[in-house]
Protein chains: 2
Amino acid sequence: MPKKTELVLDDTDHRLLDELQDDAGRTLRELGEIVGLSPSAVQRRVERYRSSGLLARTAAVLDPTFSPDLVLAVCLVSVERESRRLHEAFHRRLLAAPEVQQVYAVYGEWDYVVVLAASGMAHHGEISTRLLMDAPNVRKYTTLFVLDPIRIGSTIPTGALRT
Amino acid sequence: MPKKTELVLDDTDHRLLDELQDDAGRTLRELGEIVGLSPSAVQRRVERYRSSGLLARTAAVLDPTFSPDLVLAVCLVSVERESRRLHEAFHRRLLAAPEVQQVYAVYGEWDYVVVLAASGMAHHGEISTRLLMDAPNVRKYTTLFVLDPIRIGSTIPTGALRT
DNA sequence: TTCGGCACGCAAAAATATTGCGCCAATCTG
DNA sequence: CAGATTGGCGCAATATTTTTGCGTGCCGAA
């Protein structure tokens, strides 16, 4: 469902996407100087990423050290594998919560990896109860509390992109 | 080290930061309509976040489904707990690799959660061997391959921010 | 070789971001 | 308690950036 036009990415696109993932707050002129294009050419490329769905959105990244009460946790979740309907309901439930940073469906003993960000332990307890413990099809889960968020971010290696 | 001015955040700031984390690609006018401020007032607030360091940067978020060869994996790592020196060497080793998306030090049975992004299975094998198997103080690790990256991102709940 | 399509740069136009200014409310200060 | 000060606001002018129209040149296919 994302692919619209079969977009082809050249080397310049890769560099541009790398730069945008690193800092999307620059002007078209600055980006153009980096990759060797005019502002309008950069604009048209970026517009193509956007309309194709490759570029999903641009987001502000806050410094986590500004929230001393922040509680990060990695939850491993195992669910009843029966109903597709319940699966989707579980997805929606997770995605609706702003505290849910990441959700990965994984192979193996566990079914989901969920990263939660809460403000304070009480908050964490509340949302993990609501999202996981009270979920109808969650069989079991375990919580790994984060001691130190050594690195956060979600930069996709552009080499992996469809050329 | 982050605090420059002791910045105070009111309710409007929280809403604004939420919106910026969700989509920073909107105009000051649109943001102003959402939070009930004029464009210039919004601009001044955002500038305050920036100069204080709270707002670290704004980044483009790509849709991972556009890279068919992308192999995401969540690795749970247990290390020998002895030397601090080895710990730091392990950190450095991980942070130096661009394929390492996230690293969390966690409490409990496991010591680290590492999210890897590779282009292709061969690539994945290569980096997990280099980063984990060959590391001197890694005792054991297990790999959870990602079937579906349902949500990625790193949004901090604004309630956790220092007021 | 010629014809299209495509991406480019340039320049004009539209929109947005930035800044100066006066105003008001809340808070100090004497 | 009154006057002064500070901080944030909206408005409007200005500066900058984004967007779009247009002509050009470079391939690839006929």
Side-chain angles (χ1 to χ4, degrees), chain A residues 2-63 66-67 158-159 161-163, chain B residues 2-63 66-67 155 158-163:
Chain A
K3 57 194 71 169
K4 220 175 186 174
T5 316
E6 198 63 34
L7 84 164
V8 187
L9 302 177
D10 61 14
D11 209 58
T12 301
D13 288 312
H14 286 176
R15 269 199 295 160
L16 200 45
L17 287 165
D18 280 338
E19 294 294 333
L20 289 170
Q21 287 192 94
D22 186 55
D23 178 7
R26 281 170 290 187
T27 65
L28 298 173
R29 186 175 49 75
E30 290 174 300
L31 292 169
E33 280 171 13
I34 292 172
V35 301
L37 284 178
S38 73
S40 55
V42 173
Q43 199 271 344
R44 280 184 268 248
R45 286 188 185 234
V46 173
E47 177 52 35
R48 196 139 34 88
Y49 310 149
R50 220 176 255 129
S51 65
S52 72
L54 203 210
L55 172 49
R57 59 192 237 274
T58 107
V61 179
L62 304 189
D63 183 343
F66 272 76
S67 34
T158 52
L161 292 169
R162 185 175 56 220
T163 65
Chain B
K3 58 190 72 169
K4 214 174 186 177
T5 317
E6 199 61 38
L7 84 164
V8 186
L9 302 176
D10 62 15
D11 209 59
T12 301
D13 288 311
H14 286 176
R15 270 199 293 163
L16 200 45
L17 287 164
D18 281 338
E19 295 295 332
L20 289 170
Q21 288 191 94
D22 185 57
D23 178 7
R26 281 170 292 187
T27 65
L28 297 173
R29 187 175 48 74
E30 291 175 299
L31 292 169
E33 281 170 13
I34 292 172
V35 302
L37 283 179
S38 73
S40 55
V42 173
Q43 199 272 343
R44 280 185 268 249
R45 285 186 186 236
V46 173
E47 176 53 33
R48 210 164 325 135
Y49 310 149
R50 220 177 255 126
S51 65
S52 73
L54 204 210
L55 172 48
R57 57 192 240 272
T58 110
V61 179
L62 304 188
D63 182 345
F66 270 76
S67 29
T155 301
T158 52
L161 293 170
R162 186 176 54 222
T163 64

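When reading the values below, keep in mind they use all heavy atoms of this one structure, side chains included, and skip hydrogens, waters and symmetry mates. Here is the naming used below: chain letters follow the sequence lines, and residue numbers restart at 1 for every chain.
Each of B:A41 and A:R26 was matched to the nucleotide of DNA chain D holding its nearest heavy atom; the match closer to the 5' end belongs to B:A41.
Atom pair B:L37:CG and D:dG10:C1' shows a separation of 10 Å (rounding to whole Å applied). Distance A:E33 CD to D:dT17 C1': 14 Å, rounded to the nearest Å. Going from atom CD of A:E47 over to atom P of D:dT19 covers 8 Å, rounded to whole Å. One can place CZ of B:R29 at 16 Å from C1' of D:dC11, the figure rounded to the nearest angstrom. If you take CZ of B:R45 and C1' of D:dC9, they are 9 Å apart, rounded to a whole angstrom. Atom CD of B:E30 is separated from atom C1' of D:dT18 by 14 Å (rounded to the nearest Å). In this structure, B:R48 places its CZ atom 17 Å from P of D:dT6, rounding to the nearest Å. Put simply, CZ on B:R44 is 7 Å from C1' on D:dC9, counting in whole angstrom units.
Atoms CZ and CD, from B:R48 and B:Q43 in turn, are 10.5 Å apart once rounded to the nearest 0.5 Å. How far CZ of B:R15 is from CG of B:L37: 8.5 Å, rounded to the nearest 0.5 Å.
In this structure, the side chains of A:L20 and A:L31 come closer than 4.5 Å at one or more pairs of heavy atoms. Two residues are said to be in side-chain contact when any heavy atoms from C-beta on lie closer than 4.5 Å; B:L17 and B:L9 meet this criterion.
Picking from D:dT17, D:dT20, D:dG10 the nucleotide with the shortest atom distance to the side chain of A:S40 gives D:dT20. When distances run from any side-chain atom of A:L28 to the nucleotides D:dC11, D:dT17, D:dT19, the shortest one goes to D:dT19.
Here the closest heavy-atom approach between residue A:L16 and residue A:Y49 is recorded as CD2-OH, 3.6 Å. What you find for B:R57 and B:A59 is that their closest heavy atoms are NH2-CB, 3.8 Å. Nearest heavy atom pair, residue A:A24 against residue A:T58, reads CB-CB, 4.4 Å.
Chain B approaches DNA chain C over the interval C:dT16 to C:dG20, counting the first and last nucleotide 5' to 3' with an atom under 4.0 Å from its heavy atoms.
The bend of the helix from C:dT1-D:dA30 to C:dG30-D:dC1, defined by the angle between the axes of its first five and last five pairs, stands at 30° to the nearest 10°.
A salt bridge between B:E47 and B:R44 is absent, with no side-chain N of the basic residue lying under 4.0 Å from a carboxylate O of the acidic one.
Residues forming a side-chain hydrogen bond (donor to acceptor under 3.5 Å, both in side chains) with B:R26 (at least two apart in sequence, or on another chain): B:E19.
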